[in-house]
Every structure is written in C-alpha cells, then in structure tokens.
Amino acid sequence: MKKVITYGTYDLLHYGHIKLLERAKALGDYLIVGVTADDFDRNRGKINVRQSLMERIEAVRRTGLADEIIVEEYEGQKIDDIKRYGIDIFTVGSDWVGKFDYLGEYCEVVYLDRTKGVSSTEIRSKENELKIGIIGESSIIAKFVRESEYVNGVKVVGICSEGKVVDEETGKKLALITNDYDLLLGAVDAMYVISHPSRHYADVKKALEHGKHVLCESPVSMSAAGTEELYALAKSKRLALVDGLKTAYSLAYARMILLAKGGVIGDIVSVDSVCTSLREVDYADAEALRRTWNSITSWGPTALLPVFQLLGTEYADFQIYSRVAETEGGFDEFSKVTFVYPSAVASIKVGIGVKSEGQLIISGTKGYIYVPAPWWKTDYFEVRYENQEHNRRYFYNLEGEGIRYEIVSFLRIIENKGFDPISKSVSEAISGVMEAYDAGRNLVLLQR
C-alpha cells in the first residue's frame, strides 16, 4: 500500500483545497492529511486564520478524501510523521517548490499545481473586510495602521485626530485625516479609540450609539460605573466592545496565565508587576500636558492586568503612592499601588518619569514565574523552582508587539467566533483604580 501525506491550514476550505486533496489522493492508496494547529500557525506568523482547529479538521473530514487526519503542532514534525507512518510520498502545493526538497531523503516529494485564482486569503479579504476608523493622538496609531496591513479583511479608512498623524518610519500620512468624528463614524464599521483617557467614555459611547463596534485602548473609561454602562450599551446593541490591552493577546502572556492558574507554581501568593518608560514631558505647557497620558493611565492598565487576571478583582484593600509633578491639577511621574487579598498580595509600579526594571514576578507555594523586561512584550518566560533541575523555559513568537493578534481577535469577536481574553470585570476593575486615583482615594503623595 502506497501512503501519501500532505499538510495545510485549510482555513475556509474551498474548491482549490479540494482539488489539491483529490490530486494528493490519486498519488497513492492511503492519504494522511496534517492540519496545522492554531499555535503552530501563529508561531509561523500566519495569524489571519478565521476558523478554529476543530472547524478546519471537520471541513477536511467532510470531503471524504482523507483516510486519516492528524494535527501538525511543531517544527520538524514532518520528518517524524514520515518515519512514524511509513510514508512513501510527501506532497504539497507548487507555491512551496523547493521548500521541502530536504524531505527527499526520507520519501518521494511531489509538488502539485494549485488551482489559480482561488485562495483563503482572497476569500477572507472579500467576505470579511472590516472598515476601521481611529480617534485619538498617539504614537501607537502608526503602529496600529502598520500592523493592520498584516491582517486580511481589515482596512483603516480614516483617523480623527488633532495631532500629527504621520508614520515616522516612512514619513507618509497614515490615512484620510479628519477632525469630524461624526463624518468618520458614517464611513466605518468599527472604531479604535486611543484618545486621551478622559475622552474614552464619550468617544466609545458615541461610536456605540452609531452602531459601531469598538476596540478601546485601556482604560475603557475613567470610572468603573462608566465602563459597566458602556459594556451594557454594547450588549444591548449586539456590538463588540473590546478592551485594547495588546499584552493580553500575545501567545506567551496567555500561556503564562494558563500555567499559573493551572497550579504550576502552587498557590499564588504574590504578583509584582513593573512598567516604566522615561518620556520627555513639558510641564510648563498646560495644553500639551492636558493631552499627555500620565503614569497611572499610560502604564496602569497593563501593570494591573496580571494582578486582576490571576488574583481576581475582589481585593480587600489597596493603597496608592504617587510622586506628582508641581503642575496645576498634578501629574504623576511615578505611582505604586499595593493590593491586599484574603490570601495574597500584589503590587504594581508604573512611571514615565522614573525608570525601573520592567519585570513580572508571580510567587507561589511551589515555585515562581519570572518574565523578564519588558514583560508586556514578552516572547519568553521561565517557571523556576527550588530545585533548578526542574526549571522550564517557554518561548513563543511575538509579532508586532501583539497589536496584530489584538486586531485578529477583535475581528473574530465581531464574527462571534472568538472570545475576549479580558473580561468585563477586569476592565471595570482597571477603571476603578483610575477612578480612585483621580478622586484621591487611598492616595499618598510622595515628596519631590
């Protein structure tokens, strides 16, 4: 019996996929089809897959062409599979010509012509194009526009901004610029809100009232009640409201959270999170200062994310310590927030005028998790124990600082095919800390 094996993502299975499988089937007597796992695709930079692994496996099964279906999960698996299953022929589409010649040492390699004019990429682009508008003033806007180009089915069509919206890397204007928010809302399906945090509530609410999905840079609003109201409004209108904390969408961070919650370090007793970056702030320019995010709004949501996701949002007490510049209304250069839980403690340190090691340490009764600086962009972390022989290191690809994964997740949530990794309760808790700071509640000012 001649065995044939082929591999693919098979996202949005189409005529071209089926013709390729038919030709692969005709090469032998028994066809094994390897369907790539979600994580493997993401590690290869293929992040615009629309369907889950199980959906894609089921689509291949329904063709009736595969005698056996396996999952491709790691680099180098093809050689292992060829040996394990006694494969005679490895085959794949002609767009990979030469790529797999090295497998010729183990079996015959055949490249099959693909059906012209048919691809999952084209289908995704044509059927799922989401027109996104942006409102705000931030250097992140350029990154967002740049990263959106890696995601099929998404197009940034306009930006509502008072600032300079130019990609500093290319010098090009990013998109159609307007200062008319209503005009922009009339031309889009969704909004990315990255205005000053004090404007988030109004900007998000207006977008939702216009029937637009919203991805909002955290915090969603500057009060827990405001955030709760916005989520309720989105739900009533059957719209997606997503907290735009890009760290939550990176694979390494997600895996780290799952491991910690799964008990890999025992009971979690402490979470210590640090996020700082030195920035030039003109304290004498009141207008510029009004548009500038301070330490607690710039870094607070990111630093708070692992605290609330690991220990929950029902803390018993908290205290804020802040170093504030001598300006009208105050402007925190550095803040430390401590939390007390019934059986754990946590702390965050955030600053744009003070520098510290931006690491994340999660302490447990059996060991601890160490995420090196800058932990919010991590592609690597360690689980460490008393016996160092048991230590484990985890590596994951991170493309575009997590922004492109965030955009893909936003798209899937809109399509009701994905879930939001940041719960409503966590978003509300983050807004609650912002609210406490603004109100001066549990706040101690440090002398300068």
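Not measured: the values here are computed from a predicted model.
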Checklist entry - Do the non-hydrogen side-chain atoms of M222 and Y201 ever get within less than 4.5 Å of each other? => result no
Checklist entry - Would you find a donor on one side and an acceptor on the other, under 3.5 Å apart, between the side chain of R404 and the backbone of V151? => result no
Item to check | Check against side-chain hydrogen bond (donor to acceptor under 3.5 Å, both in side chains), S221 and T227 | outcome: CA-CA 5 Å; S221 83; T227 298; 2.9 Å; yes
Next on the checklist: Quick check against the 3.5 Å criterion: does S218 have a side-chain atom that pairs as donor or acceptor with the backbone of G244?
Outcome noted: no
Checklist entry - Using the ring of each side chain (for Trp, its six-membered ring), is F339 parallel, tilted or perpendicular to F318, with breaks at 30° and 60°? => result parallel
Item to check | CZ-CD1 distance between R62 and I18, expressed to the nearest 0.5 angstrom | outcome: 10.0 Å
Checklist entry - Which is it for Y253 and Q309 under the side-chain hydrogen bond (donor to acceptor under 3.5 Å, both in side chains) test, yes or no, and what are the steps along the way? => result CA-CA 11 Å; Y253 177 82; Q309 288 192 322; 2.7 Å; yes
Next on the checklist: Donor-acceptor check, side chain of H196 to backbone of S198, threshold 3.5 angstrom: yes or no?
Outcome noted: yes
Item to check | Closest non-hydrogen atom pair, S322 against L443 | outcome: CB-CD1, 3.8 Å
Item to check | Residue list, side-chain hydrogen bond (donor to acceptor under 3.5 Å, both in side chains) with R441, at least two apart or on another chain | outcome: none
Item to check | Verdict with supporting geometry, S277 and W299, side-chain hydrogen bond (donor to acceptor under 3.5 Å, both in side chains) | outcome: CA-CA 9 Å; S277 58; W299 284 118; 2.9 Å; yes
Checklist entry - Between N294 and Y437, does a side-chain hydrogen bond (donor to acceptor under 3.5 Å, both in side chains) hold up when you go through it step by step? => result CA-CA 11 Å; N294 60 8; Y437 181 87; 4.9 Å; no
Item to check | CD1-OG distance between I194 and S138, expressed to the nearest 0.5 angstrom | outcome: 3.5 Å
Next on the checklist: One pair to check against side-chain contact (heavy atoms from CB on, under 4.5 Å): V354 and S356. What are the steps and the verdict?
Outcome noted: CA-CA 7 Å; V354 173; S356 186; 5.6 Å; no
Checklist entry - So, does S270 use its side chain to make a donor-acceptor pair with the main chain of S363 at under 3.5 Å? => result no
Checklist entry - Are the side chains of K19 and Y15 in touch, meaning some heavy atoms are under 4.5 Å apart? => result yes
Checklist entry - CG/L215 to CG/L241 distance, rounded to the nearest 0.5 angstrom? => result 9.0 Å
Next on the checklist: For a side-chain contact (heavy atoms from CB on, under 4.5 Å) check, start with the C-alpha distance between T302 and V350, then their side-chain angles and the critical distance, and finish with the verdict.
Outcome noted: CA-CA 9 Å; T302 301; V350 295; over 6 Å; no
Checklist entry - Does atom NZ of K366 have more than 12 heavy-atom neighbours, drawn from other residues, nucleotides or ligands, at distances under 6.0 Å? => result no
Checklist entry - Which distance, rounded to the nearest 0.5 Å, do you find between the CD1 of I134 and the OG of S148? => result 7.0 Å
Checklist entry - Going from CD1 on I403 to CZ on R146, what distance comes out if it is rounded to the nearest 0.5 angstrom? => result 8.5 Å
Item to check | Shortest non-hydrogen contact from D189 toward E129 | outcome: OD2-O, 4.0 Å
Next on the checklist: Less than 4.5 Å apart, side chain to side chain, heavy atoms only: is that true for L251 and D379?
Outcome noted: no
Checklist entry - For E428, what residues pass the salt bridge (Lys or Arg N to Asp or Glu O under 4.0 Å) criterion, not counting sequence neighbours? => result K424
Checklist entry - What class does the angle between the rings of H17 and Y10 fall in, given that below 30° is parallel, 30 to 60° is tilted and above 60° is perpendicular? => result perpendicular
Item to check | By salt bridge (Lys or Arg N to Asp or Glu O under 4.0 Å) - contacts of K206 (at least two apart) | outcome: D182
Checklist entry - Is there side-chain contact between V220 and H200, with at least one heavy-atom pair below 4.5 Å? => result no
Item to check | Which atom of I69 lies closest to which atom of V35, heavy atoms considered | outcome: CG2-CG2, 3.9 Å
Next on the checklist: How about CG on D95, more than 12 heavy atoms from neighbouring residues, nucleotides or ligands closer than 6.0 Å, or not?
Outcome noted: yes
Checklist entry - Is any side-chain heavy atom of T378 closer than 4.5 Å to a side-chain heavy atom of Y394? => result no
Checklist entry - Where do Y405 and S250 come nearest, in terms of heavy atoms and distance? => result CD1-CA, 4.2 Å
Item to check | Full working for salt bridge (charged side-chain N to carboxylate O under 4.0 Å, His left out) between K237 and E209 | outcome: CA-CA 8 Å; K237 290 183 170 290; E209 289 176 338; over 6 Å; no
Item to check | N/O donor-acceptor pair under 3.5 Å between E406 side chain and A248 backbone | outcome: no
Checklist entry - Of all residues at least two apart in sequence or in a different chain, which pass the salt bridge (Lys or Arg N to Asp or Glu O under 4.0 Å) check with E149? => result none
Next on the checklist: If you define the side chain from C-beta out and look only at heavy atoms, does anything of P219 sit under 4.5 Å from E435?
Outcome noted: no
Checklist entry - Excluding sequence neighbours, so at least two apart, what forms salt bridge (Lys or Arg N to Asp or Glu O under 4.0 Å) with K261? => result none
Next on the checklist: Applying side-chain contact (heavy atoms from CB on, under 4.5 Å) to F144 and K246, what does each step give before you reach the verdict?
Outcome noted: CA-CA 11 Å; F144 187 92; K246 60 182 180 293; over 6 Å; no
Checklist entry - Where is the tightest heavy-atom contact between L278 and G353, given as atom of each residue plus distance? => result CD2-C, 3.6 Å
Checklist entry - With no hydrogens and no angle check, is any side-chain donor or acceptor of D332 less than 3.5 Å from a backbone partner on I296? => result yes
Item to check | K212 NZ: over 12 foreign heavy atoms closer than 6.0 Å | outcome: yes
Checklist entry - In this structure, are over 12 heavy atoms from other groups packed under 6.0 Å from R392 atom CZ? => result no
Checklist entry - How are the rings of F308 and Y315 set relative to one another: parallel (under 30°), tilted (30 to 60°) or perpendicular (over 60°)? => result parallel
Item to check | Main-chain N/O of K205 paired with E229 side-chain donor or acceptor, under 3.5 Å | outcome: no
Next on the checklist: If you define the side chain from C-beta out and look only at heavy atoms, does anything of W375 sit under 4.5 Å from P306?
Outcome noted: yes
Checklist entry - Would I430 and L245 satisfy side-chain contact (heavy atoms from CB on, under 4.5 Å), going step by step from the backbone distance to the final call? => result CA-CA 11 Å; I430 289 172; L245 260 172; 3.9 Å; yes
Checklist entry - Going from CH2 on W96 to OH on Y7, what distance comes out if it is rounded to the nearest 0.5 angstrom? => result 13.5 Å
Next on the checklist: Using only atom types and a distance under 3.5 Å, with no angle test, would you say the side chain of S347 pairs donor to acceptor with the backbone of T338?
Outcome noted: no
Checklist entry - Any side-chain heavy-atom pair from M434 and L304 closer than 4.5 angstrom? => result yes
Checklist entry - Is the backbone N or O of G312 less than 3.5 Å from a side-chain atom of Y341, with the two atoms forming a donor-acceptor pair by type? => result yes
Checklist entry - S425: what forms a side-chain hydrogen bond (donor to acceptor under 3.5 Å, both in side chains) with it, not counting sequence neighbours? => result S423
Next on the checklist: For V33, is there any backbone N or O sitting under 3.5 Å from a side-chain donor or acceptor partner on T6?
Outcome noted: no
Checklist outcome for this item: Heavy-atom nearest pair, Y396 first then F381, reads CE1-CE2, 3.9 Å
Checklist entry - Judged by modelled atom types alone, do S298 and R279 share a side-chain donor-acceptor pair under 3.5 Å? => result yes
